[in-house]
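I have placed the structure first, in the form of structure tokens, so that the comments after it can refer back to it.
Please read all numbers here as calculations on a predicted model, not as lab measurements. Proteins come first, then strands; the chains are lettered A, B, ... in the order of their sequence lines, and each starts at number 1. Side-chain atoms are counted along with the backbone in the values below, which use heavy atoms only and exclude waters and symmetry mates.
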Protein chains: 2
Amino acid sequence: MFEARLSQGSLLKKILEAVKELVTDANFDCSETGIALQAMDNSHVALVSVLLRAQGFDPYRCDRNMPLGVNLNSLNKILKCAGNEDIITLKADDSGDTLGLIFESPNNDRIGEYELKLMDIDQEHLGIPDTDYEAIVRMASSEFQRIMRDLTVISESVTIDVEKEGIKFTSSGEFGTGAVTLKPHVDIDNEEAATSIELSQSVSLTFSLKYLTLFSKSTPLSDQVTLFLSDNVPLLVEYKMGDSAYIRYYLAPKINDDQ
Amino acid sequence: MFEARLSQGSLLKKILEAVKELVTDANFDCSETGIALQAMDNSHVALVSVLLRAQGFDPYRCDRNMPLGVNLNSLNKILKCAGNEDIITLKADDSGDTLGLIFESPNNDRIGEYELKLMDIDQEHLGIPDTDYEAIVRMASSEFQRIMRDLTVISESVTIDVEKEGIKFTSSGEFGTGAVTLKPHVDIDNEEAATSIELSQSVSLTFSLKYLTLFSKSTPLSDQVTLFLSDNVPLLVEYKMGDSAYIRYYLAPKINDDQ
DNA sequence: GGAAAAGTCT
DNA sequence: AGACTTTTCC
């Protein structure tokens, strides 16, 4: 028996909006500690990892570990039937054939009950090694999204250079080049606009803009995004939703063949 | 060495939005007095003339005349990477191979640096004779845009009749006819909504609505537009942005063969 | 919360 | 290029 009640249903709606273009099918691994989703993207280039801790639900109950194989497209369609203010309850009985979704309107005068057929998905739960990253950059998620969108005009890839003085995104293409630099700063009026850099070593890595743009679809989930970079290690892009949930993306750097 | 800093960067963004569908490639003729762009439209029917006087920039420096051949589509793409509030600086060294663009965010924590490859464009700087126009009509630019859009439904061309009593736009097509008349008036509350007519002789001229509609894409640049008309002379449509910049369109009248 | 504008997708 | 969706402004 699995049951999880999420008072802020929009969280789940936004997560599926963020992930659905990257992954089509994935397991919701439900356990005592919460719900985890981990999947390679469709082209097996990027990795998505979502965690919804049990403490973010009220109540949360999961008697035994259950991998719920979900077609994210179908789930997203069903979640579009929930209002942004709705309370969402997820349910699965021990057979694990279907995922039940209950949408309660805020004033409780409207109840939506949906059932999603589940599927068996080969579990390829990858262990992600803990890494001590050489550079950790925290910035406004909207800024990150904007920069990715801007540089897409110039090229298909971006080089990220992190130094103490700032983080620089550079692209070079047919008709020209573009570079955006953010300096670390605190904005008292706009706390979410702050940029901070922790650095043990300068890094310079190149990534596919297509994937970074897809990652940045998580912008509605958090005002801030954190980039974790190290040489020859996949980039980690993390969006934290309070303390009880996060969505993480991993992307391997491109090999620098232009030097 | 050429360098021009424009505190109101949105001006440049809007100019490119206004012109990009009419002209694909053009020279930015930079000189001591400012930046001028003059080009026939792609079908060689209309003429666009943009002037950005040096006084509109701070600072402005241009050691020698330089024609910077620009693909307006590419430039527009780069300008989309600038925020509406950004300060834009244009730069070119004497080689004239590239145009540098620097976008500074208002609070200076974000710098975008772009380079656009330049091209050689055959200089066809046309001398535009000064004309004493028979009719000069000043009206709200949004009104002009609206009328052009409305009459496009009726026909592909519009006849503009100017008399002391008003300016009349008439179209006639398959399924009907349309006419919009504006009377001269002053609006004390809405100064920009005023319509004024200076007239030495009544005129009646017919123009392609396609081009007038393209001209009216300059609406965001100025609340007012001025139409200069004379018999057998190209129409001049002028949008003034303060005293230091303007954009002018010229369009030859259609031959009246329906009479 | 609605309308207008921009961006994105077909 | 057009329509739809999304975002921003009022």
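- Summarising the geometry, the separation between CD on A:E17 and P on D:dT7 is reported as 9 Å, rounded to the nearest angstrom.
- Residue B:K80 contributes atom NZ, which lies 11 Å from atom C1' of C:dT8 at whole-angstrom precision.
- One finds no salt bridge joining B:E21 and B:K210 here, because no Lys/Arg side-chain nitrogen approaches an Asp/Glu carboxylate oxygen to under 4.0 Å.
- Residue A:E85 contributes atom CD, which lies 9 Å from atom P of C:dG1 at whole-angstrom precision.
- Screening B:R110, B:K77, B:K80 against A:D150 for a salt bridge (Lys or Arg N to Asp or Glu O under 4.0 Å) leaves a single residue, B:R110.
- The separation between A:R149 atom CZ and D:dT8 atom C1' is 12 Å, rounded to whole Å.
- The distance between atom CG of B:N84 and atom C1' of C:dA4, rounded to the nearest whole Å, is 15 Å.
- For A:R146 and D:dT7, the CZ to C1' distance is 13 Å, given to the nearest whole Å.
- In this structure, the NZ atom of B:K77 is 14 Å from the P atom of C:dG7, given to the nearest Å.
- Note: CG (B:N73) to P (D:dA1) measures 11 Å, nearest angstrom.
- For the pair B:R248 and B:Y250, the cation-pi test (distance below 6.0 Å, angle within 45°) is failed.
- For the residue pair A:N73 / A:N71, no side-chain donor-acceptor distance below 3.5 Å is found, with atom types taken as modelled.
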